[in-house]
Structure formats: C-alpha cells, structure tokens
Amino acid sequence: MSTKKLVVPSKISPTLCIVLCLILFLHVTASENQDVPGHLVKRDERQSIISTEFGEVLGANVYDGNETFRLQFITLEPNSLFLPVLLHQDMVFYVHTGSGKLVSYRDEYKKENVSLKQGDVYRLETGTVFFLQSDLELDLARQKFRICAIFGNAGEALRQPTAYGPYSSIRDLVLGFDKKILKETFKVPSEVMEEITSGMKPEAIMHGLPRITKRSISAYSSFDTINKDKKKSNLFNIFHEKRDFKNCNGWSTTVNQKKYSAFKDSKYGLFMVNLTNGGMMGPHWNPMATEISIVLHGKGMVRIICPSLPNQQTECKNTRFEVEEGDVFVVPRFHPVVQMAFNNETFVFMGFGTSTKNNHPQYLAGKASVLRALDKHILAASFGVNDTTFDKLLNKQDSVRLPVFYCGKTSLLLGVLQ
Ligand SMILES: *[C@@H]1O[C@H](CO)[C@@H](O)[C@H](O)[C@H]1NC(C)=O
Ligand SMILES: *[C@@H]1O[C@H](CO)[C@@H](O)[C@H](O)[C@H]1NC(C)=O
Ligand SMILES: *[C@@H]1O[C@H](CO)[C@@H](O)[C@H](O)[C@H]1NC(C)=O
Ligand SMILES: *[C@@H]1O[C@H](CO)[C@@H](O)[C@H](O)[C@H]1NC(C)=O
Ligand SMILES: *[C@@H]1O[C@H](CO)[C@@H](O)[C@H](O)[C@H]1NC(C)=O
C-alpha cells in the first residue's frame with residue numbers, strides 16, 4: 001500500500017495524479033476510523049471562558065497523545081477592554097483579524113505599548129501583566145479584533161489542564177488580602193480602601209476607554225519613554241515576511257527564533273499555510289515538533305499516519321478528517337501527514353509548532369527524501385519488494401528538483417524542503 005502512495009510525488013502527469021489521489025482516498029475510506037480523539041477540536045466544541053457584551057474568550061484543549069495544549073480565542077468588540085491579567089505561562093499569539101493595542105509589563109526592562117493588526121505575532125513571557133484594547137472602529141475589512149493564543153513554557157508539559165487558567169485577574173490578586181494588610185501596604189485612608197474593596201468586580205471584558213483622569217495618566221507615564229526611544233519593537237508581522245515557499249497552488253511561512261528573536265527560549269514557533277486549487281502539502285513528518293493548527297479560512301482534508309514499532313500494531317489509528325474554519329487539529333511529532341485543499345476553495349491554516357529551532361520536515365518525495373538517503377537494498381527489503389521494483393520508485397524522483405513544487409498542470413502542491 002505504501003508503495004503506491006510513495007509514487008505520488010514522482011509523477012507530474014495530471015491524470016496519474018488524479019488516479020493516485022483516488023487511491024489515497026479509497027485506501028483511506030476503506031480502512032480507517034473516523035474519530036480522532038483529542039486530535040481535533042471542532043469550532044463548536046470550544047469552551048466559553050469569558051463571555052460579555054463586549055467580547056469573549058473561548059478555549060480549546062487538544063491532546064497529541066503525550067501532552068495537552070491549551071489554546072484560547074479572544075474576540076473583542078470595537079472599543080473594548082480585556083482587563084489586566086497576570087500570565088502564569090508564556091503566551092504566544094497571532095492576530096487573526098482587526099486591530100487594537102497591547103500594553104504589557106514584566107519588569108523595568110520588559111514593558112511595551114504596541115498597536116496590533118492582522119498578521120502580527122507576539123510572545124508574552126510568564127509573569128507578564130498585560131491588557132488588550134480593541135480600536136474604536138472595526139478594521140477596513142469590518143472585522144473585530146480577534147486573537148488566537150497558545151500557552152505553555154518550554155520544557156514544561158501540561159498533562160492536566162489546571163483548575164485555574166493560564167492567567168489570573170490582577171484585581172483578584174490584589175484584593176485577596178484583607179483590608180488591614182492592604183491599608184498598611186498602600187498607606188491610604190480607610191475610606192479609600194473601603195471604596196476599592198467594595199467596588200463591584202467588573203467583567204473581565206468591558207467597554208473600552210474608561211474616563212482618563214489626570215491621575216491615571218501620570219501613573220502610566222513610565223510607558224511613554226518606550227514610545228520615544230523607539231527601541232526595537234517586539235512586533236513581527238507574518239504577512240511582511242518573505243514566504244518560505246510559494247507557487248500557484250499556495251504558500252507557506254514559518255516563524256522561528258531566527259526570524260523573530262522574541263521566540264528565543266519560547267516553547268512555540270508559528271507557521272502559516274495557504275493552499276488553493278486542490279493544493280497539497282506533500283507527505284512529510286516533523287522530526288522536532290508537534291504542530292497545533294487552527295483553520296483560518298475554508299475547508300481541507302488532513303490525513304495523519306500513526307508511526308508503529310517494528311512488527312507491532314500501534315494503539316493509535318491512522319486518521320483522516322475534514323476540517324473547516326475555526327477547527328483546531330494536532331499533528332503529533334513523527335506522524336506522517338498530508339494537508340489538502342479541495343478544488344473549489346482556499347484552505348488557510350496557521351499553527352504553533354513545539355520547536356523554535358529549525359524543524360526540517362522530512363518529505364517522502366524529492367531529492368532530499370529520506371528514502372533516497374538510505375541504502376536502496378535495505379529499503380527495498382523493508383518494503384518487501386525486490387530492488388528492481390524499488391528502483392522504479394526512486395528513479396522517477398531524479399526529475400524532481402528542489403524545492404519540490406509543482407505548478408499548474410497538477411493538483412498537487414508538493415512538500416518542500418528547507
Ligand atoms: C512528550 O512531552 C514532553 C514534554 O513536553 C516532551 O519533552 C517530549 O518530547 C514529548 N514526546 C514526544 C514524542 O513528542
Ligand atoms: C500607549 O501609547 C499611546 C500612544 O501611542 C498612548 O495614547 C497610550 O496612553 C499609551 N498607553 C499606555 C498604557 O501607556
Ligand atoms: C490565500 O491565497 C489565495 C489565493 O492566492 C488568496 O486569495 C488569499 O487571500 C490568501 N489568503 C491569505 C490569508 O493570505
Ligand atoms: C467544496 O467541496 C467540498 C467537498 O465536495 C464541499 O464540502 C464544500 O462545501 C465545497 N465548498 C464550496 C465553497 O463550494
Ligand atoms: C521483482 O518483482 C517484480 C514483481 O514481483 C517481478 O515482476 C520482477 O520480475 C522481479 N524482478 C527481479 C529481478 O526479481
């Protein structure tokens with residue numbers, strides 16, 4: 001069975017391609033179960049974490065068979081405020097639509113006041129206090145301010161989502177103490193303390209721009225210096241980057257620590273893929289990273305193969321599933337995968353990869369294919385065919401140059417080697 005699939009990349013003829021796609025699909029439908037426990041969270045399975053008139057936060061936890069990944073989707077209506085929180089974990093996020101502001105403070109040296117717009121990528125470190133404010137109006141595309149975020153620190157696995165979330169309200173942290181302690185700490189008269197502690201707890205997302213008094217301006221003055229000295233901003237926009245790969249069937253871009261220095265020591269890097277016209281990311285696996293993807297636009301097919309021990313059945317099953325806008329899916333490290341667009345619509349997904357170093361995906365096809373790097377006789381033996389047959393598979397790949405891109409004539413966008 002694998003032999004047939006492996007031929008895919010080596011042929012460029014459209015007819016053949018259709019035949020092979022069919023084989024791929026028939027094979028899939030014939031032998032596989034459709035449920036993908038933990039690998040896939042549909043849009044309507046997200047959990048509501050915060051919901052107010054002015055915005056919402058939805059959560060999704062996905063599991064790769066080893067670790068749970070925690071995602072949040074923050075949406076703010078125009079002119080709304082996500083009140084300050086203290087981060088218990090690193091947060092890496094992507095601005096999906098709209099525009100707004102982020103003000104963050106970790107210490108004297110790490111404080112920012114930045115404008116965010118679609119395509120921006122950002123990392124906030126554990127221990128940072130931050131708030132978000134959406135702009136007064138919808139953006140040009142009449143979209144709300146929407147953020148996709150993932151939480152977690154390098155070297156720390158989240159095996160059980162904890163009872164409390166990845167951040168906590170700054171108000172609760174302060175007002176957890178009793179009035180006596182607070183009065184001593186802040187050295188204010190009782191009436192002031194009384195007023196503060198008896199204030200109604202506001203909703204976590206509220207209407208923006210509370211009236212600015214003279215006092216609040218001076219309290220924030222330490223931020224002004226940042227804007228003045230224009231030190232290199234922590235901002236990075238994925239659409240301003242050169243694409244890693246691009247052809248008529250789509251493009252892909254990765255953001256690692258080489259491109260974005262704020263990803264140094266981060267658990268996650270980021271990537272985006274745009275497939276059109278039945279384009280496909282060719283069969284590949286990631287030797288370094290698990291990938292947690294969010295579908296931003298359109299629909300597509302994902303097929304994930306389970307790695308197995310020699311001569312043993314694995315517990316996990318090969319899976320194939322359709323995804324659409326808002327769905328989250330995980331491709332575990334070492335699991336071969338293809339992502340495919342339908343012929344009739346664009347399939348765009350972005351995701352977080354658990355490595356910020358160069359994760360060189362290993363593609364089955366192409367000159368640098370792992371299959372070509374190993375001894376032919378031995379590989380033939382491991383496929384249970386003779387050398388002649390195996391040769392046929394590999395020889396065809398001589399014609400394939402790098403990066404492996406097919407354009408126009410075929411419906412395959414093949415995987416690419418960095
Ligand atoms: C399982 O999770 C741990 C903790 O994040 C990680 O170090 C390890 O590499 C993961 N194993 C695999 C096979 O991904
Ligand atoms: C952030 O900068 C803007 C100007 O760019 C300013 O109006 C705003 O008050 C600043 N916010 C904070 C919290 O410093
Ligand atoms: C994806 O590619 C299509 C076709 O080139 C384009 O129309 C669309 O705007 C792209 N989407 C994104 C998010 O870049
Ligand atoms: C494209 O085709 C797929 C599969 O046939 C279908 O589910 C989807 O609704 C179609 N999309 C559009 C925009 O027609
Ligand atoms: C290799 O196997 C194929 C198919 O089983 C067979 O037709 C062919 O004769 C074999 N070649 C050699 C050299 O044994």
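We count ligands from 1, going down the list as the structure has it; atoms in each ligand are counted the same way.
- Annotation for ligand 3: atoms under 4.0 Å from non-hydrogen atoms of Trp251 are 14 (O).
- For the pair Gln143 and Leu138, the minimum side-chain heavy-atom distance is 4.5 Å or more.
- Ring pair Phe263/Tyr260 is perpendicular by interplanar angle, where above 60° counts as perpendicular and below 30° as parallel.
- Remark: Arg46 qualifies as a cation-pi partner of Phe73 under the 6.0 Å distance and 45° angle criteria applied to the six-membered ring.
- Of all atoms in ligand 2, listed by their number and element, those nearer than 4.0 Å to a heavy atom of Val103 are 13 (C).
- No donor-acceptor pair under 3.5 Å is formed between the side chain of Thr128 and the backbone N or O of Leu124.
- A donor-acceptor pair is defined here as one N or O able to donate and one able to accept, closer than 3.5 Å; such a pair exists between the side chain of Glu45 and the backbone of Lys42.
- Here is the list of ligand 3 atoms found below 4.0 Å of a heavy atom in Thr346: 1 (C).
- Protein heavy atom closest to atom 1 (C) of ligand 5, with residue, atom name and distance, is Asn386 ND2, 1.5 Å.
- Distance screen at 4.0 Å: atom 11 (N) of ligand 5 has a protein heavy-atom neighbour inside the cut-off.
- The shortest contact between atom 5 (O) of ligand 3 and any protein heavy atom is with Thr276 CG2, 4.4 Å.
- Considering backbone and side-chain atoms together, Asn113 places an N or O closer than 3.5 Å to an N or O of ligand 2.
- Among all non-hydrogen protein atoms, the one lying nearest atom 9 (O) of ligand 3 is Asn274 ND2, 4.8 Å.
- Numbered from 1 in the order shown, with element, the atoms of ligand 5 that lie under 4.0 Å from a heavy atom of Thr389 read 1 (C), 2 (O), 3 (C).
- Ligand 5 places these atoms under 4.0 Å from at least one heavy atom of Thr388: 11 (N), 12 (C), 13 (C).
- Within a 4.0 Å radius of atom 14 (O) of ligand 5, the protein has at least one heavy atom.
- Panel note: side chain Ser80, backbone Ser134; no donor-acceptor pair is recorded below 3.5 Å.
- In this structure, atom 7 (O) of ligand 3 is not in close contact with the protein, since no protein heavy atom lies within 4.0 Å of it.
- Below 30°, between 30° and 60°, or above 60°: for Phe69 and Tyr268 the angle between ring planes is above 60°, a perpendicular geometry.
- Relative orientation of the His284 and Tyr363 rings is tilted, given thresholds of 30° and 60° on the angle between their planes.
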